[in-house]
S.K.: 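If you scroll down you'll find the structure; I have some questions about it.
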Protein chains: 2
Amino acid sequence: MYGSELSNRKKQILKAIVESHIELGEPIGSKSLMQLPGISCSSATIRNEMAELEELGYLEQPHTSAGRVPSQLGYRFYVDQLIEHYAMTKNEIAQIDRILKSKTAELDQILLTASKLASAMTNYTGLAVKPGRSSAVITRFETAYIDEYNFVLIMINASGNVISKHIRMTSPKSQSVVAQLAAILNETVVNLPADALNMSVMLRLEEEMGADAELVAPIIKTIYTTLTENDGGELQLTGIGNLLQYRDYESPEQLGDLLGTLEQKDEILKLVSEKQNDDISVLIGSESSVKVMNNSAIVFKPIVRDGKTLGVIGVLGPLRMDYAKVLETIERLCGSVGEIMDEYSALAPPGKKNNVTKEIDIKDGNNDPS
Amino acid sequence: MYGSELSNRKKQILKAIVESHIELGEPIGSKSLMQLPGISCSSATIRNEMAELEELGYLEQPHTSAGRVPSQLGYRFYVDQLIEHYAMTKNEIAQIDRILKSKTAELDQILLTASKLASAMTNYTGLAVKPGRSSAVITRFETAYIDEYNFVLIMINASGNVISKHIRMTSPKSQSVVAQLAAILNETVVNLPADALNMSVMLRLEEEMGADAELVAPIIKTIYTTLTENDGGELQLTGIGNLLQYRDYESPEQLGDLLGTLEQKDEILKLVSEKQNDDISVLIGSESSVKVMNNSAIVFKPIVRDGKTLGVIGVLGPLRMDYAKVLETIERLCGSVGEIMDEYSALAPPGKKNNVTKEIDIKDGNNDPS
DNA sequence: AGTTAGCACTCAAGATAAAAGAGTGCTAAA
DNA sequence: TTTAGCACTCTTTTATCTTGAGTGCTAACT
């Protein structure tokens with residue numbers, strides 16, 4: 001294991017450097033280090049140790065005659081082995097719970113609030129991910145007739161997710177036509193992957209629908225869109241402006257690139273989705289494989305209930321991020337969100353613990369009539 | 001009318017200053033102005049004119065011995081009376097159309113794409129607003145039974161918008177119970193505003209539902225949420241990073257505040273919703289009444305079809321924004337989006353011009369079973 | 001052996017001063 | 001009314017010097 005070659009004193013010194021640098025944002029010299037509690041040797045000794053730590057790759061020197069700065073590896077080692085638990089006050093925890101619970105029980109809302117809290121409490125950028133559905137195929141279709149020009153197409157995918165879309169028709173149709181449509185879809189289109197929705201399927205459907213063939217094209221397009229769209233989940237960022245206060249991003253370009261990448265969302269989503277375990281993840285600098293994040297770190301943790309990922313909460317900030325605080329904040333937030341979810345499921349009647357009383361994820365749609 | 005006191009020459013000089021400053025971002029002096037085409041007098045004359053323009057409030061001087069910079073009023077006058085039409089190339093227009101049309105016909109998608117285009121073409125921050133629905137009351141309820149643990153609640157509000165929510169039940173219910181629920185809701189809750197959803201309504205409903213009273217609480221909560229939530233529409237920002245490249249925002253704080261406000265979204269939404277007419281709007285600096293936008297300008301225009309606002313496209317940038325280009329870009333984008341909408345309605349059979357063949361605004365919901 | 005005091009050396013950052021340069025306002029002549 | 005000319009102002013740039021934090025190394029100390 002890396003780091004095994006480090007003496008206790010080296011570890012202490014490395015830890016002190018990382019923490020000082022996180023706090024001050026400047027290279028740390030041997031003298032200021034000497035005054036810190038927990039270090040009890042002369043500056044010369046520290047210098048020797050620092051030189052060795054640098055050789056081992058844990059520290060870097062911006063230029064001769066400057067103090068040392070932790071390298072990426074230094075941060076990694078710090079997070080893995082040196083970090084101390086950050087103790088949140090009861091008060092803070094209570095406040096988190098209070099704010100989270102003051103919102104509707106809608107998962108979206110809670111995740112967003114948690115992201116805001118993460119950002120506000122750490123002064124970095126908070127992120128919340130709502131996992132995407134994987135609607136590889138639709139296993140069942142339903143229709144709900146509204147009036148002669150409107151109905152709702154309800155689709156259920158292989159994972160049991162319910163997706164509903166409002167469809168407007170260009171000519172009046174009776175309730176039976178719409179019901180028939182569902183039946184035909186359940187015969188023809190069920191279990192077809194997106195790329196199987198070709199012309200032949202359309203023709204066949206149009207034939208079956210007879211006089212109401214005009215419905216087919218828009219419906220198929222809707223289904224196609226549903227199957228292909230938005231698979232990766234949703235990412236919400238809060239407190240982007242917080243990044244500006246860290247002079248770690250020197251060139252505005254660099255920061256601009258980062259913002260651009262964040263806006264794209266897919267890179268971050270990929271990053272977050274790639275992690276398979278339920279633990280808290282810390283990706284430091286180039287570990288994240290997102291090029292533009294070489295000066296940044298990201299900490300995130302999925303919220304898992306009954307084996308299912310309800311969402312991911314995280315924080316993105318500069319390399320020199322207060323990892324102790326961030327880790328604890330994320331843990332705490334995930335814990336609280338999880339508890340809230342549990343409370344909701346506790347409302348379910350006994351013996352049905354796994355059921356969630358109410359869970360609403362379908363966004364509203366609005367459409368103007370005529 | 002303000003500006004009537006300005007001689008032609010003053011106008012020309014003001015115009016040249018504004019345009020030079022937009023291009024260069026620096027105070028403009030009399031000498032560099034003299035060399036510009038359209039100006040044919042000596043620098044001394046220009047100096048005299050500039051002094052007067054400053055006295056009238058159209059120009060400002062960062063310090064003695066610096067050139068002049070347009071004041072907010074200067075920009076206003078420029079936009080109102082001096083601006084020249086920016087000619088977009090056929091190529092650019094074709095490209096806009098191509099990119100817009102390559103997307104699904106979903107309004108959300110088109111608006112987002114338009115916002116991205118606005119940002120990419122102008123190098124400022126693009127914005128797209130999807131107007132909110134005003135679901136003051138629900139006028140009709142429908143239910144669609146999925147299985148014994150799931151159904152979809154469909155609500156239609158006074159404006160005819162369709163809103164659907166997926167409801168999970170904690171104990172198995174038959175199709176008839178769910179159908180009955182719709183009937184009862186249509187008797188009891190129809191046309192009730194959010195604040196009328198009180199305990200007495202709940203008790204009454206629970207009585208009517210008899211053995212299935214447990215369904216009532218989550219349903220009422222869902223309806224309440226639907227009635228109250230998210231009324232203000234949705235705002236999407238693209239190219240926020242672009243703001244970093246303009247040194248007009250000197251302090252990172254200022255920019256951070258701006259980003260924070262943008263993130264809040266409600267201020268911008270309010271701003272955009274306040275405008276009643278369908279014209280393109282230009283709000284310069286403090287005109288927008290959003291305090292943090294004193295150094296910024298915002299240009300936006302609603303897309304109106306058949307008397308209904310489908311969305312708003314706009315651009316936000318520094319005060320020293322290329323208004324000519326931005327105005328033209330926004331006009332063009334709105335035009336193209338409108339055309340696309342028209343094309344869709346053109347697919348409707350003759351005599352039904354107002355109908356839109358397909359229009360999907362309902363977001364998908366996902367929910368795990370069991 | 002490991003630790004520490006001492007010292008020469010390095011190099012960014014800050015201070016000071018001088019020079020440059022862009023731009024102005026004003027006056028007087030065209 | 002316009003313009004050339006000029007003195008004046010004030011920022012920006014450049015150069016030079018100084019400061020000081022921090023280092024590495026050596027030699028003495030424990």
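Letters go in sequence order (proteins before strands), and every chain restarts at 1.
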S.K.: Distances under 3.5 Å only, N/O to N/O: pair up the protein atoms with those of nucleotides 5-7 of chain D.
M.R.:
| from | atom 1 | to | atom 2 | distance (Å) |
| --- | --- | --- | --- | --- |
| D/dG5 | O6 | B/R47 | NH2 | 3.2 |

S.K.: Under 4.0 Å between a Lys/Arg side-chain N and an Asp/Glu carboxylate O for A/R76 and A/D80?
M.R.: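 So A/R76 pairs with A/D80 through a salt bridge.
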S.K.: Give a yes or no answer on whether the side chain of A/S20 reaches the backbone of A/A16 with a donor-acceptor pair at less than 3.5 Å.
M.R.: yes
S.K.: List in chain and number order the residues that pass ring pair (Phe, Tyr, Trp, His ring centres under 6.0 Å) with A/Y249, two or more places apart in sequence or in another chain; answer none if no residue qualifies.
M.R.: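 By the ring pair (Phe, Tyr, Trp, His ring centres under 6.0 Å) rule, A/Y249 matches no residue at all.
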S.K.: Taking the side chain as every heavy atom from C-beta outward, state whether B/I240 and A/L262 have any pair of such atoms under 4.5 Å apart.
M.R.: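 No. Closest side-chain heavy atoms not under 4.5 Å.
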S.K.: Out of A/N48, A/L33, A/I46, which residue meets the side-chain contact (heavy atoms from CB on, under 4.5 Å) rule with A/C41?
M.R.: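 Exactly one pass, corresponding to A/I46.
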S.K.: Give a yes or no on whether the backbone of A/G57 and the side-chain of A/S71 come within a donor-acceptor separation of less than 3.5 Å.
M.R.: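 The answer is yes, because a donor-acceptor pair under 3.5 Å joins these two groups.
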S.K.: Pull out every residue in residues 17-30 of chain A that has a heavy atom closer than 4.0 Å to any atom of DNA chain D, ordered by number, or say none.
M.R.: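 Listed by number, they are A/G29, A/S30.
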S.K.: Checking A/K265 side chain against A/L235 main chain: does a donor-acceptor pair fall under 3.5 Å?
M.R.: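 Judged by distance alone, yes, a pair lies under 3.5 Å.
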S.K.: Who is the Watson-Crick or G-U wobble partner of C/dA1, with both distances under 3.5 Å?
M.R.: none
S.K.: Would you say the rings of B/Y124 and B/Y246 are close, in the sense that their centroids are separated by under 6.0 Å?
M.R.: yes
S.K.: So, the side chain of A/E49 versus the backbone of A/I13: is there a donor-acceptor pair under 3.5 Å, distance only?
M.R.: no
S.K.: Identify, residue by residue, the members of residues 31-39 of chain B with a heavy atom below 4.0 Å from DNA chain C, and return them in order of residue number, or none.
M.R.: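 Per residue number, the list is empty: none.
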S.K.: Rounded to whole Å, how long is the line connecting atom CD1 of B/I46 with atom P of C/dA22?
M.R.: 16 Å
S.K.: Is the shortest distance from a Lys or Arg side-chain nitrogen in A/E52 or A/K10 to a carboxylate oxygen in the other one below 4.0 Å?
M.R.: yes
S.K.: Kindly say whether B/A324 contributes a backbone atom to a donor-acceptor pair with the side chain of B/E84 at under 3.5 angstrom?
M.R.: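 A pair under 3.5 Å: no.
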S.K.: For residues 54-72 of chain A, which residues have at least one heavy atom under 4.0 Å from DNA chain D?
M.R.: A/Q61, A/S65, A/A66, A/G67, A/R68
S.K.: I need the full list of ring-ring contact (aromatic ring centres under 6.0 Å, His included) pairs touching residues 47-66 of chain A, with sequence neighbours left out, sorted by first then second residue.
M.R.: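 Sorted pair list: A/Y58-A/F77.
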S.K.: Would you check if the side chain of B/E92 reaches a backbone N or O of B/T89 as a donor-acceptor pair within less than 3.5 Å?
M.R.: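 Checking the backbone N and O of B/T89 against the side chain of B/E92, a donor-acceptor pair under 3.5 Å is found.
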S.K.: Only pairs with both distances under 3.5 Å count, Watson-Crick or wobble alike; so what is the partner of D/dT30 in this structure?
M.R.: none
